[in-house]
Amino acid sequence: MELRAVRGMNDILPDEVVQWHRLEGAFRAHAELSGYAEVRTPLLEPTALFAREIGETTDVVEKEMYSFERHGDHLTLRPEATAGCARAYVEHSIHAREPVTRWYTLGPMFRGERPAKGRYRQFYQANCEIYGDAGPLCDAEMIDFVASFLRKVGITGFAVHINSLGSGGTRERYRAALLSHFLPMRSELSEDSQRRLEKNPLRILDSKDPRDQKAAATAPAIHDLLDEEDAAHYGGLRRYLDVLGIAHVADPTLVRGLDYYTRTLFEFRATSSDLGAQNALVGGGRYDNMIQNLGGPKVPAIGFAMGLERLLESIPREPLRTGLDCFLAPISAEGAEKALLLSRELRALGLRTEVEGRGGKLKRMLGRADKLGARLCIILGPGELERGVVQVKDLAAHSEEEIPLEGAARVLADRVVGGAGGARGTR
Ligand code: HAM
């Protein structure tokens with residue numbers, strides 16, 4: 001039997017990791033500019049955390065979680081980060097330290113969905129959460145954060161969809177209105193929706209099944225049911241988005257696949273990539289009840305997550321600078337010892353350096369230096385060492401010279417910094 005990576009789970013090889021570092025680095029810098037601090041929570045959480053907070057009748061909890069029992073505990077590989085962060089917020093009484101908390105986290109999530117382009121079983125999210133601010137300004141600022149991040153990394157083809165699910169009373173009224181709409185057409189719905197109808201009619205609006213989509217097209221819109229405070233919140237958000245110049249679609253069909261949301265929902269959808277049905281780049285919203293549900297005080301919250309694979313699919317690949325600064329080519333046993341010491345000095349000065357440790361002919365070593373895109377090839381042969389020098393071939397300038405071995409590291413560092421700007425290599 002051939003052993004391969006688990007279906008829907010990807011190896012990310014070094015060439016690609018460089019692109020990942022770039023995106024993650026840009027995200028960290030952007031998050032820190034807006035006052036978010038990094039939090040890291042476990043990949044495993046109690047199954048009950050997700051079942052309760054994400055919702056028993058969601059696809060994620062019903063069909064997609066990787067759950068198992070070990071040492072008497074029911075555990076699940078996290079399908080998302082929000083519930084785990086909220087658990088940590090409550091567990092460490094963060095509310096007692098500060099009135100408003102801004103956290104970000106980066107890492108892998110696990111959902112047993114049907115794999116497709118942009119949809120994987122292990123995927124990575126960049127996630128932000130704000131606890132302690134209930135107002136629409138906070139929502140607008142978060143949406144602006146996402147929009148400016150996407151532009152910063154070169155993604156401009158996206159549409160911002162927003163909606164409000166209201167809070168307490170509104171949600172109940174909406175549930176009742178949806179139930180009266182869907183009940184008479186029950187037999188025309190998908191099997192999942194027929195089963196979930198009474199418990200969670202909202203899920204039908206989110207279904208990808210054409211039968212459900214047909215029934216949902218004529219469903220009542222929640223906007224007509226928002227109470228005064230919910231409507232004021234939604235209106236406030238839209239005004240702030242206008243102030244920020246963020247074009248947005250007020251989309252009553254946007255309900256999102258997780259049950260914890262209250263009031264504001266938002267999604268950024270790619271409009272100019274070939275992600276097909278997986279065009280949701282970023283999804284988020286308010287979840288004002290979760291902290292209290294988990295045993296904490298009444299603290300409102302809002303957050304979002306973006307799928308890093310989907311972002312990377314949407315960003316043009318830039319050529320990478322992967323070349324070396326120095327390649328050391330020792331031609332004798334003594335040369336090898338000197339090369340080992342010189343390489344340590346060069347790296348301490350910040351030069352990317354490799355030593356040819358396999359011995360062999362100079363010609364092959366020069367070929368290898370060229371292949372690696374090295375800027376300088378430093379030859380340590382018996383003749384040179386006898387004279388206390390090394391030979392330096394500048395592979396970019398096609399020149400060569402001898403320099404004293406003593407103090408060579410400094411001289412080489414000056415050559416690299418003062419020359420054509422370091423390593424030559426691009427891939
Ligand atoms: P979500 O909409 O389930 O929300 O996921 C957010 C983003 O993660 C999606 O827009 C997509 O880019 C990416 N994503 C989701 N599933 C997959 C998959 N199977 N393969 C690849 N990428 C995927 C959440 O997870 C919420 N926790 C967001 C949030 C944070 N809400 C409040 N705070």
Side-chain angles (χ1 to χ4, degrees), residues 6-10 12 23 27 31 36 39 41 45 49-50 53-55 58-61 63-66 77-89 101-131 138-139 142-143 145-146 149-150 155 158-163 165 203 206 208 254-270 273 275-291 300-315:
V6 176
R7 195 162 110 85
M9 303 199 179
N10 301 310
I12 305 169
L23 183 63
F27 176 76
Y36 292 92
V39 65
T41 60
E45 294 278 358
L49 173 69
F50 302 119
E53 299 312 319
I54 296 176
T58 57
D59 278 352
V60 172
V61 171
K63 304 177 187 168
E64 298 168 2
M65 295 206 301
Y66 288 93
L77 274 170
R78 65 180 184 189
E80 57 112 50
T82 308
C85 288
R87 180 209 41 73
Y89 179 89
T101 296
R102 291 171 167 236
W103 279 354
Y104 77 87
T105 193
L106 279 165
M109 310 293 154
F110 303 84
R111 296 184 194 174
E113 295 189 78
R114 195 168 49 77
K117 187 180 169 84
R119 189 169 61 215
Y120 308 105
R121 291 183 167 174
Q122 174 172 334
F123 59 97
Y124 288 76
Q125 282 186 344
N127 199 96
C128 284
E129 312 289 348
I130 301 179
Y131 309 94
C138 175
D139 307 11
M142 183 170 264
I143 290 171
F145 173 95
V146 176
F149 177 71
L150 294 181
I155 301 177
F158 58 79
V160 184
H161 289 241
I162 62 167
N163 192 18
L165 285 186
R203 289 275 68 83
D206 198 33
K208 299 277 181 292
L254 176 68
V255 291
R256 307 211 357 89
L258 312 161
D259 273 354
Y260 47 64
Y261 292 116
T262 54
R263 291 194 167 161
T264 305
L265 286 182
F266 58 93
E267 212 160 81
F268 283 64
R269 298 189 184 153
S273 72
L275 282 164
Q278 281 62 252
N279 67 350
L281 297 173
V282 184
R286 213 162 244 300
Y287 50 101
D288 289 341
N289 301 328
M290 193 189 292
I291 298 298
I302 182 169
F304 72 84
M306 39 195 164
L308 297 188
E309 288 84 356
R310 292 187 193 179
L311 296 193
L312 286 167
E313 301 272 6
S314 313
I315 299 173

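Only heavy atoms go into these numbers, but all of them, side chains included; no hydrogens, no water, no symmetry mates. Each ligand, and each atom within it, is numbered from 1 in the order the structure gives. In what follows, residues are counted from 1 in the order of the sequence shown.
For the atom pair CZ of Arg310 and OH of Tyr124, the computed distance is 15.5 Å after rounding to the nearest 0.5 Å. Considering CG of Leu265 and CG of Leu165, their distance stands at 4.0 Å, rounded to 0.5 Å.
A donor-acceptor pair under 3.5 Å is formed between the side chain of Asp288 and the backbone N or O of Ala301. A donor-acceptor pair under 3.5 Å links the side-chain atoms of Thr105 to the main chain of Val39, judged by distance alone. The backbone N or O of Lys117 lies less than 3.5 Å from a partner atom in the side chain of Gln278, making a donor-acceptor pair.
The distance criterion of under 3.5 Å between nitrogen or oxygen atoms is not met by Cys128 with respect to ligand 1. Among the atoms of Leu258, none of the N or O lies under 3.5 angstrom from an N or O of ligand 1. Backbone and side-chain nitrogen or oxygen atoms of Glu309 are examined, and none is located within less than 3.5 angstrom of a nitrogen or oxygen of ligand 1. Considering backbone and side-chain N/O of Tyr287, none are found under 3.5 Å from N/O of ligand 1.
At a heavy-atom distance under 4.0 Å, only backbone atoms of Leu281 (N, CA, C or O) approach ligand 1. The parts of Arg119 lying near ligand 1 are both backbone and side chain, judged by heavy-atom distances below 4.0 Å. At a 4.0 Å heavy-atom cut-off, ligand 1 touches Gln125 through the side chain alone. With a 4.0 Å heavy-atom cut-off, ligand 1 is reached by no atom of Glu267.
Using a 4.0 angstrom heavy-atom cutoff, Arg256 counts as in contact with ligand 1. For the pair Tyr260 and ligand 1, a heavy-atom separation below 4.0 Å is found. Heavy-atom distances between Gly257 and ligand 1 stay at or above 4.0 Å for every pair. Using 4.0 Å as the threshold, Tyr261 has a heavy atom nearer than that to some atom of ligand 1.
Residue Glu129 approaches ligand 1 through these ligand atoms, each under 4.0 Å from one of its heavy atoms: 30 (C), 32 (C), 33 (N). Using a 4.0 Å cut-off to heavy atoms of Val282, the atoms of ligand 1 that qualify are 10 (O). The contact set between ligand 1 and Glu80, taken as ligand atoms under 4.0 Å from a residue heavy atom, comprises 25 (O), 26 (C), 27 (N).
Of the candidates Glu129, Arg87, Gln125, Glu53, Glu129 is the only one forming a side chain to side chain donor-acceptor pair (under 3.5 Å) with Thr82.
Across Gly112, Gly84, Ala280, Ala83, heavy-atom proximity to atom 9 (C) of ligand 1 is greatest for Ala280. One option in Met109, Lys117, Arg111 has a heavy atom closer to atom 25 (O) of ligand 1 than any other, and that option is Arg111.
Ring pair Tyr287/Tyr260: centre-to-centre distance below 6.0 Å. Between Phe27 and Tyr104, the distance from one ring center to the other falls under 6.0 angstrom. In this structure, the ring of Tyr36 has its center less than 6.0 angstrom from the ring center of Phe145.
Of all protein heavy atoms, the one lying nearest to atom 21 (C) of ligand 1 is Gly118 O, 3.2 Å. Nearest non-hydrogen protein atom to atom 20 (N) of ligand 1 is Tyr120 N, 3.0 Å. The nearest heavy-atom contact from the protein to atom 19 (N) of ligand 1 is Glu113 OE2, 2.7 Å. Taking atom 7 (C) of ligand 1 as the reference point, the nearest protein heavy-atom neighbour is Ala305 O, 3.6 Å. The protein heavy-atom contact nearest to atom 30 (C) of ligand 1 is Thr82 OG1, 2.9 Å. The nearest heavy-atom contact from the protein to atom 13 (C) of ligand 1 is Gly307 CA, 3.6 Å. Distance from atom 14 (N) of ligand 1 to its nearest protein heavy atom, with residue and atom name: Phe123 CE1, 3.5 Å.
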Let's go through Asp259 and Val61 carefully: what are the C-alpha distance in whole Å and the side-chain angles of both, what is the deciding distance for side chain to side chain contact (heavy atoms under 4.5 Å, CB included) to 0.1 Å, and is it a yes or a no? CA-CA 10 Å; Asp259 273 354; Val61 171; over 6 Å; no
Could you walk me through whether Asp139 and Arg286 pass the salt bridge (Lys or Arg N to Asp or Glu O under 4.0 Å) test, one step at a time? CA-CA 8 Å; Asp139 307 11; Arg286 213 162 244 300; 2.7 Å; yes
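Between Phe304 and Phe266, the ring planes lie tilted relative to each other; the angle falls in the 30° to 60° range.
In this structure, Arg121 does not pair ionically with Glu113, as no charged nitrogen and carboxylate oxygen lie closer than 4.0 Å.
Here the side chains of Phe50 and Glu45 are in contact, with some heavy-atom distance below 4.5 Å.
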